There are 2 protein chains.
Amino acid sequence: MALSSEAIVDAGIRILDEYGLADVSMRRVADALGVQAGALYYHVPNKQSLLAAVSDEILRSVEVPSGANVAEWLTAWAGGLRRALLAHRDAAELVASAHALGLGAVDPCEGGRAILEARGVPEPDATMAALLHFVLGHVNEEQTTSQMVALGVIEESAHRAGEDHFAWGVTLLVRGVQTQAA
Amino acid sequence: MALSSEAIVDAGIRILDEYGLADVSMRRVADALGVQAGALYYHVPNKQSLLAAVSDEILRSVEVPSGANVAEWLTAWAGGLRRALLAHRDAAELVASAHALGLGAVDPCEGGRAILEARGVPEPDATMAALLHFVLGHVNEEQTTSQMVALGVIEESAHRAGEDHFAWGVTLLVRGVQTQAA
DNA sequence: ACCTGAACACCGTTCAAGT
DNA sequence: ACCTGAACACCGTTCAAGT
């Protein structure tokens, strides 16, 4: 079977899930495909773009909510994004850095911006960006602390607060969207 | 002059400011101090704790607002944190990862939690965490795009939207804090 | 106590050479 | 067209040996 960028991205996701982001190296991916590291550069320009492709793959798995009102839609979107990120080890860190660097073809805020604009909500761009930053930052912390718990470095009590804190942050932002300016 | 953990952290900050987080390696820090890389391990346990110490140093430079009401205090705090981060290259990424990993002795949310609790605002912990995640995520994006602008990869227009988007995100969260639950 | 020198096990990336 | 082999310039960390 010949090498392809799809196969390379798939191997990257497998290594990400099993060993974490730090172990997704060009050499490890090449090993998993039974090939020399240099061979990857025939199908992928560099490591950054490989990671961006993995990030895109994860973002494609986010379910688009079929929302009634804006508040419910945003809440469902944030929850769906969180679930998609929690499905892959270190996904929040990976997606956050790929997004900050402007790499990645998939824009997770696209649908949300359109809905906010259609309902006449002000600043759809900045609003979705704020929600995205909160979700990525929160899930990143969730994923690193859950790894600490797995390693026995931290107690599990700190871990359980994660879901409640997430819901509260989403509530604050959604309330802000619903509230008129003073 | 003998080596010390303070001198090592200072050298780390200088390299961070001049060359960015990717160039803060144990070997580069050692070079800047005219010493072998292995010598650092006599004063610092590993690279992670060195980066955490640099993160702490940056967080210590955040000015504590002398706020009137809660909304003004939170807005001033977010702005002050942003300014402190913008003062050092890649600071948001550095502080975010140090914070997510639970390293670092300085807790940037400490003062805010106390104030929220004193005013009877619910969920001070989750509220400050939400604000912190937004600020770190936003400034991280600001700093990476400003580097893209410096490299000529991106146009400057995208950069100028940063400050407005930041103010809007803070507004949403502060409105959420002020609004009663439904 | 504090630092050097050298090693170990890795990196990302490039590129002539093979098929 | 696609991949190997080998190299280049790096990493973090350890540790005997020196002073």
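Here is the naming used below: chain letters follow the sequence lines, and residue numbers restart at 1 for every chain. Keep in mind that the numbers below use all heavy atoms, side chains included, and drop hydrogens, waters and symmetry copies. Nothing here was measured: the structure is a model prediction, and the numbers come from that model.
Rounded to whole Å, the separation between the C1' atoms of C/dA9 and D/dC10 comes to 13 Å.
In the set D/dG12, C/dG12, C/dT4, the nucleotide with an atom closest to the side chain of B/Ser25 is D/dG12.
The distance between atom CD of B/Gln36 and atom C1' of D/dC15, rounded to the nearest whole Å, is 14 Å. For A/Arg28 and C/dG12, the CZ to P distance is 11 Å, given to the nearest whole Å. Whole-Å rounding puts the B/Arg27 CZ to C/dA6 C1' distance at 11 Å. The distance between atom CG of A/Asp31 and atom C1' of C/dC11, rounded to the nearest whole Å, is 13 Å. The CG-C1' distance, from A/Leu50 to C/dC11, rounds to 15 Å in whole Å. Rounded to a whole Å, the CE atom of A/Met26 is 16 Å from the C1' atom of C/dC10.
Note that CG of A/Leu74 and CD of A/Gln178 are 8.5 Å apart. Values are rounded to the nearest 0.5 Å.
Using bins of under 30°, 30° to 60° and over 60° for the plane-to-plane angle, the ring pair A/Phe166/A/His138 lands in the tilted bin.
Interface residues of residues 38-48 of chain B facing DNA chain D, ordered by number: B/Gly38, B/Tyr41, B/Asn46, B/Lys47; criterion, heavy-atom separation under 4.0 Å.
Remark: the backbone N or O of A/Pro124 is not paired with any side-chain donor or acceptor of A/Glu117 at under 3.5 angstrom.
Contact annotation: the side chain of A/Lys47 approaches that of A/Leu51 to within less than 4.5 Å [non-hydrogen atoms, C-beta and beyond].
A 3.5 Å limit on both hydrogen-bonding distances identifies C/dC15 as the Watson-Crick or G-U partner of D/dG5.
Between B/Arg82 and B/Val139 the shortest heavy-atom distance is CG-CG2, 3.7 Å. Across A/Asn46 and A/Tyr41, no two heavy atoms sit closer than the pair CA-CE2, 4.0 Å.
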